[in-house]
Amino acid sequence: MRGWAAARNMLKPSMRWISLRLRLMLVFALVALAAAVSASAIAYWLNRDAVLTRTQNAALDDFRKSLQDNTGSLPLLPTCADLQEAADRMAATSQKYEVLLIGGVKGGATCAAPSDRDLFTPSVVPKTLITAVNRERKVDESNPYPYHLYWQRITLGGKPYLVGGAKVIGGGPTGYLLKSLDNERADLNSLAWSLGIATGLALIGSALLAQAAASTVLRPVQRLGDAARRLGEGKLDTRLRVSGTDELADLSRTFNKTAEALQKRVEDLSSREAASRRFVADMSHELRTPLTAITAVTEVLEDEADSLDPMIAPAVQLVVSETRRLNDLVENLMEVTRFDAGTARLVLDDVDIADQITACIDTRAWLDAVELDAERGIMCRLDPRRLDVILANLIGNALKHGGSPVRVSVRRTEEALVIAVRDHGPGIPEDVLPHVFDRFYKASASRPRSEGSGLGLSIALENAHIHGGEITAENSPEGGAVFTLTLPRESAPDATGDAAPAQGPAEAEGESR
């Protein structure tokens with residue numbers, strides 16, 4: 001059973017490559033072949049039985065009449081010459097069979113007189129036929145004769161023959177006939193060849209019909225498949241030309257209705273999404289003007305914090321921190337809006353990765369908390385500002401949740417640059433791990449507020465994607481979380497840069513773990 005299952009599993013992939021057209025043609029061919037073979041076999045056996053029955057009945061009837069006519073005039077104890085003469089007369093009929101007469105002759109001996117001494121000898125007659133012919137049956141109302149005529153088909157020298165025999169009632173000789181069926185075999189072979197040719201023609205015809213049927217049936221299916229493929233590629237205006245009233249036409253109409261409903265739904269969602277993006281962008285721009293004024297006021301208050309009343313100083317510090325947080329949130333929302341609108345662009349440059357990471361760490365005063373494992377001279381063509389945003393978010397997130405030291409390691413392959421940021425904290429819960437890059441995701445509902453905006457990791461991921469790279473998060477077997485940034489050695493072609501400012505350190509990660 002295991003071997004059969006393994007063989008079946010090996011055949012499954014190859015069966016998948018058989019097209020529906022080929023399968024349909026195979027089914028047509030098999031059905032036609034089965035029908036043609038069955039019809040040919042039935043026709044052959046019916047004709048065979050009819051030919052053989054007609055031939056043997058004609059020969060046996062002629063033999064019975066000839067036996068009665070030619071043995072009735074023989075003396076009660078004929079000579080062997082009399083039997084030979086009678087056998088020759090019987091063989092001279094139009095049925096063309098050989099005769100063998102066996103009977104008692106004068107002197108008490110038994111004589112066997114064949115019409116053809118070389119072909120028809122007593123040894124040719126089957127013993128079963130001799131026994132049946134010589135068996136005397138009881139005469140009654142249902143059986144008026146003690147002896148009957150019997151026949152049997154045999155093969156001599158590879159040729160078919162009919163052997164028949166009967167005993168003359170009243171003490172006469174026993175007669176046997178031997179008729180060749182070679183002509184009938186030739187006729188039946190010719191019939192078999194004709195039926196075989198007809199079967200082959202039927203098979204070819206069925207293949208042509210299957211091809212025509214497959215084209216008729218599969219052409220609409222192929223058009224439907226092409227339309228579904230275009231629809232999946234985003235061409236929502238794809239429609240099918242409908243003709244007819246059959247099931248395939250109904251399927252095409254259903255597809256058109258579904259595509260129309262989907263197009264309307266997508267257009268509605270797209271318009272809503274565009275309106276939402278415009279709202280966020282407009283809101284962010286509108287907030288920047290009052291935020292600029294508020295930020296200036298908070299900077300003045302922060303400079304005068306030492307001279308303020310101790311009762312007022314905490315409130316001033318809260319206003320300052322929340323203003324900065326609101327400013328970061330607005331900037332992050334504008335960045336997210338650029339990604340959603342597809343207007344974010346790369347400004348590429350050849351960058352030494354070790355120098356870039358060192359500059360990121362030094363700018364944020366993380367030199368004492370971060371261990372860097374990177375060789376100098378690893379060059380990569382990318383957008384330095386966006387790489388700084390990614391590194392700041394990943395390293396800041398690791399410092400916030402894992403504590404120092406945070407280890408940043410860089411390695412390169414033939415096609416990619418890999419930067420791993422690992423902390424030594426408790427790691428990321430398994431239920432949180434799939435959501436660390438979600439926007440505004442909070443690991444705990446009891447902690448709705450945080451220092452970050454909830455967008456930092458999602459912005460880092462978008463910046464990686466625009467480079468053609470990826471960021472993954474996992475837990476290290478040795479403890480702590482590991483964020484891995486993979487970037488191609490060659491990013492997208494140069495494009496005009498957008499005016500978005502560089503983002504601050506990690507924010508969204510603050511509530512992702």
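Because only heavy atoms are used, hydrogens play no part in the values below, and waters and symmetry mates are left out as well, while side chains stay in.
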*Asks:* Between E478 and R422, does any NZ, NE, NH1 or NH2 come within less than 4.0 Å of an OD or OE carboxylate oxygen?
*Replies:*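 Yes, charged N to carboxylate O under 4.0 Å.
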
*Asks:* Evaluate the side-chain proximity of P114 to Q84: yes if any heavy-atom separation is below 4.5 Å, no if none is.
*Replies:*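 Yes - at least one pair of side-chain heavy atoms lies under 4.5 Å apart.
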
*Asks:* Can you confirm whether V389 sits close enough to I459 that some side-chain heavy atom of one is under 4.5 Å from a side-chain heavy atom of the other?
*Replies:*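 Touching, per the 4.5 Å side-chain cut-off.
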
*Asks:* I'd like to know if the side chain of H467 reaches the main chain of L382, judged simply by a donor and an acceptor atom lying under 3.5 Å from each other, with no hydrogens or angles considered.
*Replies:*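 Flag not set: sc H467 to bb L382 has no pair under 3.5 Å.
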
*Asks:* Working to the nearest 0.5 Å, report the span between CG of N134 and OH of Y147.
*Replies:*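 Taking CG in N134 and OH in Y147, the distance rounds to 7.5 Å.
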
*Asks:* Carefully, step by step, assess L100 and I102 under the rule side chain to side chain contact (heavy atoms under 4.5 Å, CB included).
*Replies:* CA-CA 7 Å; L100 172 64; I102 301 175; 3.9 Å; yes

*Asks:* Any sub-3.5 Å donor-acceptor pair from S115's side-chain atoms to V99's backbone N or O?
*Replies:*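 Side chain of S115 to backbone of V99: a pair is present.
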
*Asks:* Under 4.5 Å between any side-chain heavy atoms of V482 and V421, yes or no?
*Replies:*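 They are not in contact (no side-chain heavy atoms under 4.5 Å apart), so the answer is no.
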
*Asks:* How many angstroms lie between atom CG of L191 and atom CG of N189, to the nearest 0.5 angstrom?
*Replies:*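 CG of N189 is found 9.5 Å from CG of L191.
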
*Asks:* So which heavy atom on A202 is nearest to which on A32, and how close?
*Replies:*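 Closest pair (atom of A202, atom of A32, distance): O-CB, 4.4 Å.
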
*Asks:* Might you work through the side chain to side chain contact (heavy atoms under 4.5 Å, CB included) test for T55 and L52, ending with a clear yes or no?
*Replies:* CA-CA 5 Å; T55 300; L52 293 179; 5.7 Å; no

*Asks:* For T121 versus R117, what's the shortest heavy-atom pair and its separation?
*Replies:*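 That closest heavy-atom pairing would be CG2-O, 3.3 Å.
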
*Asks:* Just wondering, are more than 12 heavy atoms of other shown residues or ligands nearer than 6.0 Å to CZ in R265?
*Replies:*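 Atom CZ in R265 is not crowded, with 12 or fewer foreign heavy atoms closer than 6.0 Å.
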
*Asks:* Taking C-beta and beyond as the side chain, do L346 and R386 meet within less than 4.5 Å on heavy atoms?
*Replies:*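 Answer yes - side chains close enough.
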
*Asks:* So, for F63 and M90, which heavy atoms are closest and what is the spacing to 0.1 Å?
*Replies:*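 Smallest heavy-atom distance, with atoms named: CE1-CE, 3.6 Å.
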
*Asks:* Looking at R54 and D49, would you say the former's side chain and the latter's main chain have a donor-acceptor pair under 3.5 Å?
*Replies:*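 Pair absent, no side-chain N/O of R54 close to backbone of D49.
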
*Asks:* Quick check: does any side chain N or O of T238 sit under 3.5 Å from a backbone N or O of K235, one acting as donor and the other as acceptor?
*Replies:*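 Yes, because the side chain of T238 sits within donor-acceptor range (under 3.5 Å) of the backbone of K235.
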
*Asks:* Answer with yes or no whether the side chains of R89 and N70 bring together a donor and an acceptor at under 3.5 Å.
*Replies:*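 Distance-only check passes for N70 and R89.
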
*Asks:* Quick test of your reading of the model: are D182 and R185 salt-bridged, counting only N-O distances below 4.0 Å?
*Replies:*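 Salt bridge flag = yes for R185 with D182.
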
*Asks:* Could you list the residues that satisfy side-chain contact (heavy atoms from CB on, under 4.5 Å) with T79, not counting sequence neighbours?
*Replies:*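 Applying side-chain contact (heavy atoms from CB on, under 4.5 Å) to T79 gives A81, D82, K106.
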
*Asks:* Quick check: does any side chain N or O of D116 sit under 3.5 Å from a backbone N or O of D118, one acting as donor and the other as acceptor?
*Replies:*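 Such a contact is found between D116 side chain and D118 backbone.
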
*Asks:* What donor-acceptor contacts under 3.5 angstrom involve side-chain atoms of residues 158-166, with partners at least two apart or in another chain?
*Replies:*
none

*Asks:* Applying side-chain hydrogen bond (donor to acceptor under 3.5 Å, both in side chains), run through T199 and S40 and close with a yes or a no.
*Replies:* CA-CA 7 Å; T199 300; S40 298; 2.8 Å; yes

*Asks:* Would you say that L461 contacts E470 through its side chain, given a criterion of any heavy-atom pair below 4.5 Å between the two side chains?
*Replies:*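 Answer yes - side chains close enough.
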
*Asks:* Are D268 and R272 within salt-bridge range, i.e. N to O under 4.0 Å?
*Replies:*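 Yes, charged N to carboxylate O under 4.0 Å.
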
*Asks:* Using a cut-off of 6.0 Å, state whether more than 12 heavy atoms not belonging to E267 lie near its atom CD.
*Replies:*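 Enclosed.
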
*Asks:* Assess the residue pair V133 and V125 against the criterion (side chain to side chain contact (heavy atoms under 4.5 Å, CB included)); give the C-alpha distance rounded to whole Å, side-chain angles, the decisive distance to 0.1 Å, and a yes or no.
*Replies:* CA-CA 11 Å; V133 169; V125 182; over 6 Å; no

*Asks:* In plain terms, say whether D69 and K65 are close enough for a salt bridge, that is, a side-chain N and a carboxylate O under 4.0 Å apart.
*Replies:*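 Yes, D69 and K65 are salt-bridged.
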
*Asks:* Look up atom CD1 in I204 and atom CG in L209, then write down how far apart they are to the nearest 0.5 Å.
*Replies:*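 Atom-to-atom, I204:CD1 and L209:CG are 12.0 Å apart.
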
*Asks:* Roughly how far, to the nearest 0.5 Å, is CD1 of I471 from CD1 of I390?
*Replies:*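 The CD1 atom of I390 sits 5.0 Å away from the CD1 atom of I471.
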
*Asks:* Among T486, V410, L485, L387, find the one that has a side chain to side chain contact (heavy atoms under 4.5 Å, CB included) with L417.
*Replies:*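 Among T486, V410, L485, L387, the one meeting side chain to side chain contact (heavy atoms under 4.5 Å, CB included) with L417 is V410.
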
*Asks:* Less than 4.5 Å apart, side chain to side chain, heavy atoms only: is that true for L391 and L394?
*Replies:*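 Not in contact.
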
*Asks:* Measure across A473 and I428 and return the closest heavy-atom pair with its distance rounded to 0.1 Å.
*Replies:*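 Minimum heavy-atom contact is CB-CD1, 4.4 Å.
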
*Asks:* What closest approach, in Å, do F437 and L457 show between heavy atoms, and which atom pair accounts for it?
*Replies:*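 Answer, listing the atom of F437 first, then L457: CD2-O, 3.6 Å.
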
*Asks:* Does atom CZ (R153) have a neighbourhood of more than 12 heavy atoms from anything else shown, all under 6.0 Å?
*Replies:*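 Yes.
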
*Asks:* Give me the atom names and distance for the closest heavy-atom approach of L129 to Q152.
*Replies:*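 Scanning both residues, the minimum pair turns out to be CB-OE1, 3.8 Å.
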
*Asks:* Can you establish whether the number of heavy atoms outside E233 located under 6.0 Å from its atom CD is more than 12?
*Replies:*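 Counting neighbours around CD of E233, more than 12 heavy atoms of other residues, nucleotides or ligands fall under 6.0 Å, so yes.
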
*Asks:* When you measure from the side chain of D62 to the backbone N and O of Q95, does any donor-acceptor pair fall under 3.5 Å?
*Replies:*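 Looks like no, no N/O pair under 3.5 Å.
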
*Asks:* So, taking the atom named CG in L33 and the one named CG in L203, what distance separates them when rounded to the nearest 0.5 Å?
*Replies:*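 These two atoms lie 5.5 Å from each other.
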
*Asks:* Could you measure the distance from the OG atom of S142 to the CZ atom of R137? Nearest 0.5 Å is fine.
*Replies:*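 Separation between the atoms: 10.5 Å.
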
*Asks:* Ignoring hydrogens and geometry, is there a side-chain-to-backbone donor-acceptor pair from D383 to V347 under 3.5 Å?
*Replies:*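 Here the side-chain-to-backbone pair exists.
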
*Asks:* Go through the steps for E260 and T258 under the test side chain to side chain contact (heavy atoms under 4.5 Å, CB included), then give the verdict.
*Replies:* CA-CA 5 Å; E260 183 178 0; T258 303; over 6 Å; no

*Asks:* Determine whether N256 and T254 make a side-chain contact, defined as any pair of heavy atoms from C-beta on separated by less than 4.5 Å.
*Replies:*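 A side-chain contact is absent here, since even the closest heavy-atom pair is not under 4.5 Å.
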
*Asks:* For R223 and D226: C-alpha separation, side-chain torsions, deciding distance, then whether salt bridge (Lys or Arg N to Asp or Glu O under 4.0 Å) applies.
*Replies:* CA-CA 5 Å; R223 288 199 298 263; D226 294 338; over 6 Å; no

*Asks:* Under a 4.5 Å cut-off applied to non-hydrogen side-chain atoms, are Y150 and R135 in contact?
*Replies:*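 Y150 reaches R135 side chain to side chain.
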
